[in-house]
Structures are given as C-alpha cells and as structure tokens.
2 protein chains.
Amino acid sequence: MSNTPVFPYTEKEEKLARYAKALSHPVRVYILQFLDSQQGCYVGNIVEELPMAQSSVSQHLKELKDAGLIQGTVTPPRVKYCIDRQNWEEARVMFAFFFGNIREEESCCD
Amino acid sequence: MSNTPVFPYTEKEEKLARYAKALSHPVRVYILQFLDSQQGCYVGNIVEELPMAQSSVSQHLKELKDAGLIQGTVTPPRVKYCIDRQNWEEARVMFAFFFGNIREEESCCD
DNA sequence: TCCTTCTATCGTAAAACGACGATAAATTTA
DNA sequence: TAAATTTATCGTCGTTTTACGATAGAAGGA
C-alpha cells in the first residue's frame, strides 16, 4: 500500500545531477581547475587563493570529496588533495554523453 | 575604500557553475533528456511524465529557461518548450573543455 | 611537556531551494 | 457571455546551502 511516487529517471540521472551539483558553485569549479592543473596540493595552498574563511574552503572540499571528484591524503600535519581520476573520468563521459558528444559510432577523419 | 573580496575566478567559471546548477536536480536532467529526444513538447506532456505537481514542474522549467538551456514558445492555449541549441552547444563545449576533452590539437587516427 | 601549525568540525544565521495548493491569466470552445 | 483548458505565479513551509567564527584534534618542534 506504499504510495511512493515513482520517478521516470534512474540512478544515472541522479548520478549526473550529483556531479553537476558539485560543479554548481564557482568556488568549487575553481578549486577543481586548480587541482587539475597540478598533481594536487595542500588545503593551505587553496585557502591562500581564495578570499574566504578557511572553514568555508574546507566545507567546499568536503562536498567535492563527498561527490567523489577529489580525494584527500593525510600527510601530517597537512592534508593533500587531488583529483579523483577514476570518478573524474566517469563524470567526463557522463556529461559528454548527456550533451551528445557521443552519438553513435562517429567515424573520425571522414 | 570598498572591501569587496576579489575572487580568482572569472565569469567563465560562474557560467559553468550556472549551467551545472541547472543540471543539479534529477528532474531537470530528465526534462532536458526528454526535450532533447524530440523537437520539443508542451508542458502538459512533461507533467504527465512526472509524479509531481504541475506548479513544481513549471518551476523547474523556469529554472532551465533562466539558465538558458531551454526556450518556450507560446502557442495558445499551450506553451511549447524545446532545447535552446545555441546555449546547449555552449554548455557542451564548456563542460568538455572543463573535463579536458579538448586538450590541444589532438590528432585523430594516429 | 608545551606551543605552534594545519585542518576538520560545530554552531549559527541568512539566503536559496524544492515542494505544494490555490489562484490568476490567457485563450479556446460551447 | 460563460465555461473549460493550459500554464505561470503567489504564498507558504520545511530543508538545504553557504558563509562565518570558534574550537577541537592531530602531529611536529621547541
């Protein structure tokens, strides 16, 4: 007798939405670009770049980590963050597919 | 003497974040896929697909329109929505660039 | 041991989001 | 003109987001 509304979308759409949500704030977009342009860096390096409280940056990092787009390694007394290449690749493919980059067998050099 | 904090990101990051925000809800992802799979359709057709109030669907459509990803045409007594191909293409390129699909001159067939 | 450094977490407040029902607005149909 | 249809907007309510300062915790160095 449960009356849970049934949505027509699947976990795929939910996953894309989760990745999109992680990218839905310019500070997080910036942090990802910053990390992508290097092999990774410490929290302090990111905080230096941004005119906001350290706790706020930490919060954005947490969201990016929860979304799976970055990963942190504790190297006392610091924490090094870098892009999670596995999920980054997954997100890349999902967005490409969503926007129709991948239509079918697109032959190149035609 | 203004003390407005200066962020290191530009309008480009803000724009990507805006597009991402539009995609940050599974219902909106679904609506875009639905519209992308046709030439467009009426609000009623979308409402039929979703187990939620018509006003909620209308709200999501408004957000997608504000983000620039869809456009509406009034054909009384109905409104037809379709993908805004211009901005869709812009978003496609921006996400592709962000995720590194476009690195440099990638020669194909190598 | 004590202090410093670095980062995460907590508590809080303001704003934005997401859902709903009710209603308005515009046009077609009866 | 009256009624029905279709969609947008309004008001509301509960939840989530985003920012901050304060503080906790973990490790290294004095």
Side-chain angles (χ1 to χ4, degrees), chain A residues 3-9 13-14 16-32 34-35 40-67 69-82, chain B residues 3-9 13-14 16-32 34-35 40-67 69-82:
Chain A
N3 217 1
T4 20
V6 68
F7 286 93
Y9 54 78
E13 281 77 26
E14 289 178 1
L16 184 67
R18 264 198 304 278
Y19 281 135
K21 187 167 207 162
L23 299 180
S24 72
H25 193 295
V27 163
R28 291 196 289 269
V29 171
Y30 175 79
I31 290 173
L32 288 171
F34 190 71
L35 289 177
C41 64
Y42 300 111
V43 177
N45 302 124
I46 303 170
V47 172
E48 282 173 359
E49 302 289 321
L50 292 163
M52 62 192 320
Q54 174 265 321
S55 60
S56 303
V57 174
S58 202
Q59 203 168 298
H60 282 301
L61 289 171
K62 179 174 164 50
E63 287 180 57
L64 289 173
K65 199 174 75 173
D66 290 347
L69 290 174
I70 66 173
Q71 55 193 8
T73 317
V74 180
T75 62
R78 296 185 272 193
V79 178
K80 185 171 206 163
Y81 279 101
C82 63
Chain B
N3 218 1
T4 20
V6 69
F7 286 93
Y9 53 77
E13 281 77 27
E14 289 178 2
L16 184 68
R18 264 197 303 279
Y19 281 135
K21 188 167 207 162
L23 300 179
S24 72
H25 194 293
V27 163
R28 291 195 291 268
V29 171
Y30 175 79
I31 290 174
L32 288 171
F34 190 71
L35 290 177
C41 63
Y42 300 112
V43 177
N45 301 124
I46 303 170
V47 173
E48 280 172 0
E49 303 289 320
L50 292 164
M52 61 193 318
Q54 174 266 322
S55 59
S56 303
V57 174
S58 202
Q59 201 169 297
H60 282 302
L61 289 171
K62 179 174 164 50
E63 288 180 58
L64 290 173
K65 200 174 74 171
D66 290 347
L69 289 173
I70 66 173
Q71 55 193 9
T73 317
V74 181
T75 62
R78 296 185 271 194
V79 178
K80 186 172 206 161
Y81 279 101
C82 63

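Remember, predicted model here, so these are calculated numbers, not experimental data. In what follows, every chain begins at residue 1, and chains take the letters A, B, ... in the order their sequences are listed.
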D66(A) CG to dT16(D) P, straight-line distance once rounded to whole Å: 14 Å
Taking every non-hydrogen atom, the tightest pair across A67(A) and Y19(A): O-CE2, 3.4 Å
Test side chain to side chain contact (heavy atoms under 4.5 Å, CB included) applied to H60(B) - qualifying residues, sequence neighbours left out: H25(B), V27(B), R28(B), I31(B), M52(B), E63(B)
Touch class at under 4.0 angstrom, heavy-atom based, for K21(A) against every strand present: sugar-phosphate
Check: dG21(D) base within 3.5 Å donor-acceptor of S55(A) side chain: yes
Atom of V6(A), atom of P51(B) and distance for their closest heavy-atom approach: O-CG, 3.2 Å
Nearest-angstrom distance from the residue atom NE2 of H60(B) to P of dT9(D): 15 Å
Whole-Å gap separating C1' (dT18(D)) and CG (L50(A)): 14 Å
Nearest-0.5 Å distance that lies between atom NZ in K62(B) and atom OG in S55(B): 14.0 Å
Sugar-phosphate only, base, or nothing, as touched by K80(B) at under 4.0 Å among non-hydrogen atoms: nothing
d(CE, M52(B); C1', dG18(C)) in whole Å: 8 Å
Over all atoms of both residues, closest heavy-atom pair of K21(B) and S24(A): CA-CB, 3.6 Å
Y81(B): ring-ring contact (aromatic ring centres under 6.0 Å, His included) partners, not counting sequence neighbours: none
Phosphate-side-chain proximity, S58(A) and dA8(C), N/O vs OP1/OP2 below 4.0 Å: yes
Minimum-distance nucleotide to K62(A) side chain [options: dT9(C), dT7(C), dA8(D)]: dT9(C)
Whole angstrom value for the distance that separates C1' of dA8(C) from CG of L64(A): 15 Å
Contacts of type side chain to side chain contact (heavy atoms under 4.5 Å, CB included), residue A17(B), not counting sequence neighbours: P26(A), V29(A)
Whole-Å gap separating C1' (dT7(D)) and NZ (K65(B)): 11 Å
Protein-to-nucleotide contact annotation, 5' to 3' order, nucleotides 23-30 of chain D [B base; S sugar-phosphate only; - none; under 4.0 Å, heavy atom]: ----S---
Sugar-phosphate only, base, or nothing, as touched by Q59(B) at under 4.0 Å among non-hydrogen atoms: base
Flag side-chain contact, heavy atom, 4.5 Å: L35(B) against L69(B): no
For E49(B), all residues meeting side-chain hydrogen bond (donor to acceptor under 3.5 Å, both in side chains), sequence neighbours excluded: Y30(B)
Strand-adjacent residues in residues 23-32 of chain B, judged by heavy atoms under 4.0 Å from DNA chain C: H25(B), R28(B)
Nucleotide nearest R78(A) (side chain, heavy atoms from C-beta), chosen from dA19(D), dC6(C), dC20(C): dC6(C)
Atom-pair distance (CD on E48(A); P on dT5(C)), nearest Å: 14 Å
Distance test, side-chain N/O of Y42(B) to OP1/OP2 of dA8(D), below 4.0 Å: no
Protein-nucleotide distance (Q71(A), atom CD; dT7(C), atom P), rounded to Å: 17 Å
CG-CG distance between L61(A) and D66(A), expressed to the nearest 0.5 angstrom: 11.0 Å
